[in-house]
Participant: 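Before anything else, here's the structure in question.
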Number of protein chains: 2
Amino acid sequence: MELSERKRRILKAIVEQYISTAEPVGSKAIAADPEMNLSSATIRNEMADLTAMGLLEQPHTSAGRIPSPQGYRIYVNELMNEHRLSLEETQEINRALKQKMSQLDSLLADAGKVVSELTSYPAYALTTQVGRRTVQRYDLIQVDGETVIAVLLLEDGTACNRVMKFPGGIEKDLVQRMGTVFNAGFTNLTAQEIDSAMIRAAERTLGDEIGAAAALASFTISTLESGGSKKVLSGVSNLLTLPEYQDVNKAHKLMDFLAEGNELEQMEMPQGQEGVQILIGPENVAEELKDSGVVLATYPLGNNMQGVIGVVGPTRMDYAKVAAYLSYIAGGMQQISQGTSPPQLPELRPMDDQDESR
Amino acid sequence: MELSERKRRILKAIVEQYISTAEPVGSKAIAADPEMNLSSATIRNEMADLTAMGLLEQPHTSAGRIPSPQGYRIYVNELMNEHRLSLEETQEINRALKQKMSQLDSLLADAGKVVSELTSYPAYALTTQVGRRTVQRYDLIQVDGETVIAVLLLEDGTACNRVMKFPGGIEKDLVQRMGTVFNAGFTNLTAQEIDSAMIRAAERTLGDEIGAAAALASFTISTLESGGSKKVLSGVSNLLTLPEYQDVNKAHKLMDFLAEGNELEQMEMPQGQEGVQILIGPENVAEELKDSGVVLATYPLGNNMQGVIGVVGPTRMDYAKVAAYLSYIAGGMQQISQGTSPPQLPELRPMDDQDESR
DNA sequence: CTTAGCACTCTAGCTCCCTGAGTGCTAAAG
DNA sequence: CTTTAGCACTCAGGGAGCTAGAGTGCTAAG
């Protein structure tokens, strides 16, 4: 059966009502809408059709209808109004971001926090490595007779450091030669490509008897392996305010999944695409998300990193609004991450290009 | 009224039973204990006394008794057996710590995680600054014509870095002179002591027209201000498995408090003492914790940092066990943080010095 | 001082019932 | 053919009433 225009209007009304009330929607409620010049009986007939088509569901005979995942899908793909951020909303976001953004390092956490505060849903932010992760350059700074700071400049443009202490003392000369050896032999290699034979060789070359080379190599490996990929969660307890998670068990399962699972990290755009993706209920791969909705935005970050920022909520979530927020913020993140240091927040403007002159 | 030996035994039995069942304890249940050669009627009389003394409470007339906060206090101070970690427990902890401890940086998070996994209560770990926080030394590494990495060695022995980009290019000479100027003029100062006049003066001295000095100074200030103090939470969703937090509202409030509030950070040992502290119900300052229990351990960390690791749970929490875990782990953290790099986990032994030869 | 016995209290959980929202179907009206 | 009014039917949710059981406090006897 094809979706008539009228059915579409009814479906849209049902989804939107359900999104805001979380209660099954009855025919009368829809008929009450002044835009809908139909009696409740007619609506009932249409609703019966929509149910037969699998777009609506009935919790039980005498309850109203709620949208099925397929129903949401149609809503998201075809019916949903683009949520245009109002000037106030963008100002709100800009204000929130500006206050928080201090360093690229905490950018993730802050973005997640902003999103979760704006949407009242839990949000997560993460980065993933898309290419090789290697050291581009080593710098060793000798602080005193037994302390050396190693600074690793990674290929993605970030730097890491570690204070290394050698209680027996370490020769200035050794430090310098070690820098040379590592810059020559340990750059442009991934963690996997560094093996113990190389480390032993370096030790021999250096005449290193205090394990300095081994320490530096192990720092290198752990830095590369930690993979720059981080995950930050915010606002998880917001779940508990939602009617669908009044069941403690359900809430617990989802929270655990969010805090623990690294499956979130595998959920990203296919082949590094960018943009906003919406996953409804069973469309999610993870079992724990089968009756939740996920909206996520992917954006490029630094050289070969990718950032993902996402929101998890009940299936009935305000997809239009959340998607708009995410895409806006992802855009901002991208700009900031490309900006110079200290990161200056670019003046983000509302996404719409229309005249804001009302 | 003085606490007779018998009353103490009965109080202890009640607290312990309540800790494990979370149900009000009746006289019969206590009388059933073979160690307690008394009839339920006698116990009832004693319980009535204990209630009059304010050590027990009655949810309603025909329910059993539960310990009052004062009752817990007496239990914790006088009655509780030191929980001696068994060999298995320490092995378990050692195994868990060893697996996770990689870098001092993530040490906190890992310790919290271990604790929350072991206790099934939410745990938090944080560090606070106890003394002045200043830069001890600046190192500027020029990577290419427009990129400089600034490495700040702080007075507490940690190092921070930041990649600074100057799109218009930056002179080698300027970088070098800036290092000299900052090492001379910006070390041993707290964030508050650096003012804009100083920055302008440095800019003039350097003939800096691209804001390099301002960027470095602002990095310095934000580093010093961020105060090395971090907070990491783990296992918050564990709350939801506990009977006292089946009420979603209660759980939500506490979770929010844990995630948001920085009041946790103000809860530490008076004047930098070390050791394990137990706060029961209303003994907590924060309103949100008035009917929870908190166990926290404080330990020195680095030069003038202090680490705190704590567990939050229902008032009825197994204080003996949690306190034992925390003090053990805090000891380990202290050792690790004083160790050389890469941090090697010292082989922690059970706290008891008695022969483990069963 | 301890204990057995008893009357009393109070909650948790059960059933029963009713209400109200919502449905599907039918027949009449447009 | 479509829309609508009307009606019988279904079912979850909530309140009232009841019971069982756990626990208490008191008294009187050992």
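In what follows, every chain begins at residue 1, and chains take the letters A, B, ... in the order their sequences are listed. Computed from a predicted structure; not experimentally measured.
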Participant: Taking only Lys NZ, Arg NE, NH1 and NH2, and the carboxylate oxygens of Asp or Glu, determine whether B:Glu283 and B:Arg73 approach each other closer than 4.0 Å.
Facilitator: yes
Participant: In whole angstroms, how far is the C1' atom of C:dA21 from the CD1 atom of A:Ile30?
Facilitator: 15 Å
Participant: Tell me the interatomic distance from A:Lys28, atom NZ, to C:dT23, atom C1', rounded to whole angstroms.
Facilitator: 11 Å
Participant: Please state how far atom CD in B:Gln17 lies from atom C1' in D:dG23, giving the value in whole angstrom units.
Facilitator: 14 Å
Participant: Where the side chain of B:Asn45 is concerned, which of C:dT23, D:dT4, C:dT3 is the nearest nucleotide?
Facilitator: C:dT3
Participant: Let's see if you can work this out: which of C:dT23, C:dC10, D:dA12 has an atom nearest to the side-chain heavy atoms of B:Ser62?
Facilitator: C:dC10
Participant: Just call it for B:Thr42: base, sugar-phosphate, or nothing, with non-hydrogen atoms closer than 4.0 Å on any strand.
Facilitator: base
Participant: Of the candidate nucleotides C:dT23, D:dT3, C:dC10, which contains the atom at the shortest distance from the side chain of A:Arg65?
Facilitator: C:dT23
Participant: Would the base of C:dG5 count as contacting B:Arg44 through its side chain, where contact means a donor and an acceptor less than 3.5 Å apart?
Facilitator: yes
Participant: On DNA chain C, nearest-nucleotide positions of A:Ala48 versus B:Leu38: which is more 5'?
Facilitator: B:Leu38
Participant: Mind checking A:Ala63 for me? I need base, sugar-phosphate or nothing, with any heavy atom below 4.0 Å counting as a touch.
Facilitator: sugar-phosphate
Participant: For a quick check of understanding: with a heavy-atom distance under 4.0 Å over all strands, which category does B:Ser27 fall into, base, sugar-phosphate or nothing?
Facilitator: sugar-phosphate
